[in-house]
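Data first, discussion second: the structure below is written as structure tokens.
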Amino acid sequence: RSRGADGYYSYDLGAWHVIALNSAICPAGTGCGPGDPQYEWLKDDLAANPAPCTLAYWHHPRFDWLKYQKADWTDDYEFQKSAPFWTLLYDNGADVVLSGHNHNYSRWLPMDAEGRFDPRRGMVQFVSGAGGRNLNAFGGPQTRPATFATGQSAEFGILELTLHDTSYDYRFRSTLGARSAYIDQGSNIRCH
């Protein structure tokens, strides 16, 4: 439906508007903010494509629980890359954000632009990076963010989403199948 110059685009999938963004080209520290071509494209795309449900995906998660959570470089190098995207999406009523980068799986409570719990308008973030060559542990209990709902770093697997007209279902599918020790699933999660 709409395509940018550097690997970002959008399309409709049933009632859902789906947006693919490229966080890898966003500068460390500031991210792709106002004036950046990708930011301006996203702003225009959201205005031109109102939908009952909106999902966006990119590489670097906006929020995460890392084993090196308090390292000076993590905020600039990782979290700020996609901060402007998150704010625009939140302001426009988006529902779900998918990312990878970290080699584990996590689901987050609905959050506002600052990462605070917002059950009414917040976006749910999934980090689905457990399908690669290795798995990375989460941080220590003292650095666990309040909006971290659940996650695992012991089993390879994928996130399965089923998109309905005004809701979605999710399920972590472990490569261990019925032998899996971890379950995370939900159904009929309503869009805004």
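Residues Leu159 and Phe172 fail the side-chain proximity criterion, which asks for heavy atoms closer than 4.5 Å. For the pair Leu46 and Ile19, the minimum side-chain heavy-atom distance is below 4.5 Å. For the pair Arg171 and Asp184, the minimum side-chain heavy-atom distance is 4.5 Å or more. No side-chain heavy atom of Thr30 sits under 4.5 Å from any side-chain heavy atom of Gln80. Taking the side chain as every heavy atom from C-beta outward, Phe126 and Ser106 never approach each other to under 4.5 Å. Taking 4.5 Å as the limit, every side-chain heavy atom of Leu176 sits out of range of all side-chain heavy atoms of Tyr182. Side-chain contact between Gln125 and Pro61 is present, with heavy atoms from C-beta onward closer than 4.5 Å. Side-chain contact between Val127 and Trp108 is present, with heavy atoms from C-beta onward closer than 4.5 Å.
Here the side chain of Arg144 pairs a donor or acceptor atom with the backbone of Phe148 at under 3.5 angstrom. A donor-acceptor pair under 3.5 Å links the side-chain atoms of Asp112 to the main chain of Glu114, judged by distance alone. Side chain of His192 to main chain of Gly93: a donor-acceptor pair is present (N/O by atom type, distance under 3.5 Å, no hydrogens or angles). Under a 3.5 Å cut-off, the side chain of Asn104 and the backbone N or O of Gln152 do not form any donor-acceptor pair.
The distance from the CG atom of Leu163 to the SG atom of Cys53 is 8.0 Å, given to the nearest 0.5 Å. To the nearest 0.5 Å, atom CG of residue Leu21 and atom CG of residue Leu88 are 9.5 Å apart. Considering NE2 of His101 and NZ of Lys81, their distance stands at 8.5 Å, rounded to 0.5 Å. Between Tyr39 atom OH and Thr87 atom OG1 the span is 7.5 Å, to the nearest 0.5 Å.
Using cut-offs of 30° and 60° for the angle between ring planes, the Phe138 and Trp65 rings count as parallel. Under the 30°/60° scheme for interplanar angles, the aromatic rings of Trp16 and Tyr168 are found to stand perpendicular.
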* For side chain to side chain donor-acceptor pair (under 3.5 Å), just list the numbers for Ser10 and Asp45, CA-CA rounded to whole Å, side-chain angles, deciding distance to a tenth of an Å, and then say yes or no. => CA-CA 8 Å; Ser10 70; Asp45 183 77; 2.7 Å; yes
* Verdict with reasoning, Ser167 to Asn188, per side chain to side chain donor-acceptor pair (under 3.5 Å) -> CA-CA 5 Å; Ser167 67; Asn188 200 30; 3.2 Å; yes
* To do: Output, in order, the C-alpha distance, side-chain angles, deciding distance and verdict of side chain to side chain donor-acceptor pair (under 3.5 Å) for Ser99 and Arg62.
  => CA-CA 8 Å; Ser99 60; Arg62 172 64 184 103; over 6 Å; no
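Listed by first and then second residue, the salt bridge (charged side-chain N to carboxylate O under 4.0 Å, His left out) pairs involving residues 117-132 amount to none (not counting sequence neighbours).
No continuous path of ILVMFWY side-chain contacts below 4.5 Å connects Ile158 to Leu55, so the two sit in separate hydrophobic clusters.
Scanning all heavy atoms of the two residues, the minimum distance from Asp169 to Ser187 falls at OD1-CA, 3.3 Å.
If you look at Phe63 and Trp86, their ring centroids are closer than 6.0 Å.
For the side-chain contact (heavy atoms from CB on, under 4.5 Å) with Tyr57, the qualifying choice from Leu98, Val97, Val96 is Leu98, the only one to do so.
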